[in-house]
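To start, the structure itself, in structure tokens.
For ligands, and for the atoms within them, numbers begin at 1 and follow the listed sequence.
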Amino acid sequence: MAERLFAKILVANRGEIACRVIASARRLGIASVAVHSEADADALHVRLADEAVCIGGAAPAESYLRIDRIVEAAQATGAEAVHPGYGFLSENPAFVEALEAAGITFIGPSAEAIRAMGLKGAAKALMEEAGVPVVPGYHGTNQEPEHLAAEARRIGYPVLLKAVAGGGGKGMRRVDGPEGFAQALASARAEASAAFGNPDMLVEKYIRDPRHVEVQIFGDGRRALHLYERDCSLQRRHQKVIEEAPAPGISPETRAAMTEAAVRAAEAIGYRGAGTVEFIADGSDGLRPDGFWFMEMNTRLQVEHPVTEAVTGIDLVEWQILVAAGAGLPLEQEQIQLDGHAVEARLYAEDPAAGFLPATGRLARLAFPEGLRVDTGVREGDEISPHYDPMIAKLIAHGPSREAAFQRLHAGLRDVELAGTVTNLGFLQALCSDPQVRAAALDTGLIERRAEALCQLPALAPAALAWAAMVALDLSGPPAPRRGFTLWAPLCHLVRLAVEGEEHEVRLCLGDGRHEAHVGGEVIALDWRAGAWWTGAKRAPAWHREGDQVTLFGGAPRRIEILRPGAEAAEAQGGDVILAPMPGLLRALRANAGDRVAAGQPLAILEAMKMEHALSAPRDGVIAEILQPEGAQVDAGAALIRLTPEEEGQS
Ligand code: ADP
């Protein structure tokens, strides 16, 4: 390779893809420039880059979509090339032309290639000419509703209406018969106009049991080769959720036919760089050499490219940079081999139970397990803001077989520790262990059909509630001898918890190295051994607490709220002793020995977790003794105030 690589590149993107591009650049010895919005001033991609330039406000239209600002930033920092990532300006031919006019290399295809593939209808016509199978349908210019309806009849129902300028599943409607056509057309048009400023539609045969299989290609402007296929059939509302490579069950003949068609498509437009040719396949009878059709070509890196990297051992970003620098394709087709199976899951801040509503929040805890590739653009403490896509990370597992890869991904998802926002982690775990998914009985409708089961979180085990009570009382550490314990043992605490709106009571009785939790009629023993707490054979899960919110990890993360952490949560034998429910500072005493008090009357203020908690009288009675002075630092479970026993006090 005689070509000189770039000395410095600018990454015109944010989040995980910007971080990922910067990492490859660094490996190649290339300096990187990040651009960022005002909202992203402290973002991970800014931290990782060698230089960073602020290009405007939080809204993408004010920053990441500003061609002028990005070109200026490249010129000001002396970047020789720009990597666009995906989304934002990655498929914008005007961006390519603006960079070229400024003498800066675009790491990607030519403006013409992007234009050729930009409109679905024109791209299909081009592919038909090149001998690539396309979905039967109408992609002409006559947009009269009557004409489109006639075409739908000719094609045969069900049909799919698609926005020619579409993307991300917008402006798409399935129509099952002529009676629904006019209305579906009107609503698809309205959506397409709003999203893309172009109401034009194409009509396609709706493929039954559809599987989404796509081929990763690479071109040098003349020749192209492929890096095998990915199956992205696990989708929700036409958006990919889990992707894998290779496609399960694909025969050598089907693979040959599909990869050849993809290479033909790339060569037909003199493609340079990384691209993906997407096919829709009829999966009703397995993948067949004559059962797949061109849908569209994405002229950029795809979100799911890591599964291809895992099974080919090739760094696609490195190849993009090399090819853009004028080096030829680094390998010949025969040198690209498949190794095992890889699967990727997209972890999002969203609420599956609320129709996958995007969520925001500060990632109070974020830790990923070993053994997976994790592509992320955020760190613990970062904010998932409403300005951008709420993806938190992509988790990629690689193994010798499909089963091994899925097992690894599933185990990895269970070990993710994440708190501070609601996520699709439980949903991804359910999807990864779904019997149909594991049996590779895939089609693009699988998630929708099984949504209810997949979104349902498993019932919370009593042991989890027992453990949450331990966390609530700050007893999760080693069982240290505590002040007050021997005096008033055995001590029991009543902890009230709320999980997804449902209330639970845990009565936790403390012993020496063994506690007993009474939960809904069950008694659960918690033992301290081997440096941890155990319930039976199970080690207590990892957890995170912020204020009164406890998140338990190790499975679908559960958010548990501690209710009324004041005096009502602490109760001793006979209700005579008021205990500190958590360690803290005894800020104030509101009663003296001999005082008559009423149930609920605040007796002391404990400052803990940066909050003041009022500890109130559990019943009417008379104060027998104050056991700790004002200003004392007390442990959880410490006895603070003793009431005179019931009989005496009633005199
Ligand atoms: P977009 O560009 O909006 O993402 P695509 O054309 O890539 O739209 O299609 C998105 C998804 O819609 C595909 O992955 C597939 O699940 C489904 N789909 C597209 N075309 C068809 C078709 N003709 N029949 C059945 N499903 C289809």
Answer side chain, backbone, both or neither: which part of Q239 comes under 4.0 Å from ligand 1, heavy atoms only. neither
Answer side chain, backbone, both or neither: which part of I207 comes under 4.0 Å from ligand 1, heavy atoms only. both
Atoms of ligand 1 less than 4.0 Å from [X] heavy atoms?
X: T444; answer: 16 (O)
X: H212; answer: 13 (C), 14 (O)
X: I280; answer: 15 (C), 18 (N), 21 (C), 25 (C), 26 (N), 27 (C)
X: L160; answer: 18 (N), 19 (C), 20 (N), 21 (C), 22 (C), 27 (C)
X: E278; answer: 7 (O)
X: K162; answer: 6 (O), 19 (C), 20 (N)
X: K120; answer: 1 (P), 2 (O), 3 (O), 5 (P), 6 (O), 8 (O)

Can we say E243 and R346 salt-bridge, meaning some charged N sits less than 4.0 Å from an Asp/Glu carboxylate O? yes
Considering only the protein, which heavy-atom contact is closest to atom 7 (O) of ligand 1, and what is its distance? E296 OE2, 2.9 Å
Quick one: look up the protein heavy atom nearest atom 16 (O) of ligand 1 and list residue, atom name and how far away it is. Q235 OE1, 2.8 Å
When you measure from the side chain of S90 to the backbone N and O of R300, does any donor-acceptor pair fall under 3.5 Å? no
I want to check something: taking the side chain as every heavy atom from C-beta on, are R20 and V317 in contact at a cut-off of under 4.5 Å? yes
Under 3.5 Å: N/O of E204 near N/O of ligand 1: yes
Quick check: [Y] with [X] (ring centres under 6.0 Å apart)?
X: Y348; Y: F356; answer: no
X: H83; Y: F106; answer: no
X: W319; Y: F218; answer: yes

D285 meets the salt bridge (Lys or Arg N to Asp or Glu O under 4.0 Å) criterion, sequence neighbours left out, with none
Sequence-distant partners of H387, side-chain contact (heavy atoms from CB on, under 4.5 Å), two or more places apart: A39, A58, S385
Counting heavy atoms only, name the option from G169, A165, G166 that's nearest to atom 3 (O) of ligand 1. G169
Among M295, K205, H238, which residue places a heavy atom closest to atom 9 (O) of ligand 1? M295
Using the ring of each side chain (for Trp, its six-membered ring), is F406 parallel, tilted or perpendicular to H341, with breaks at 30° and 60°? tilted
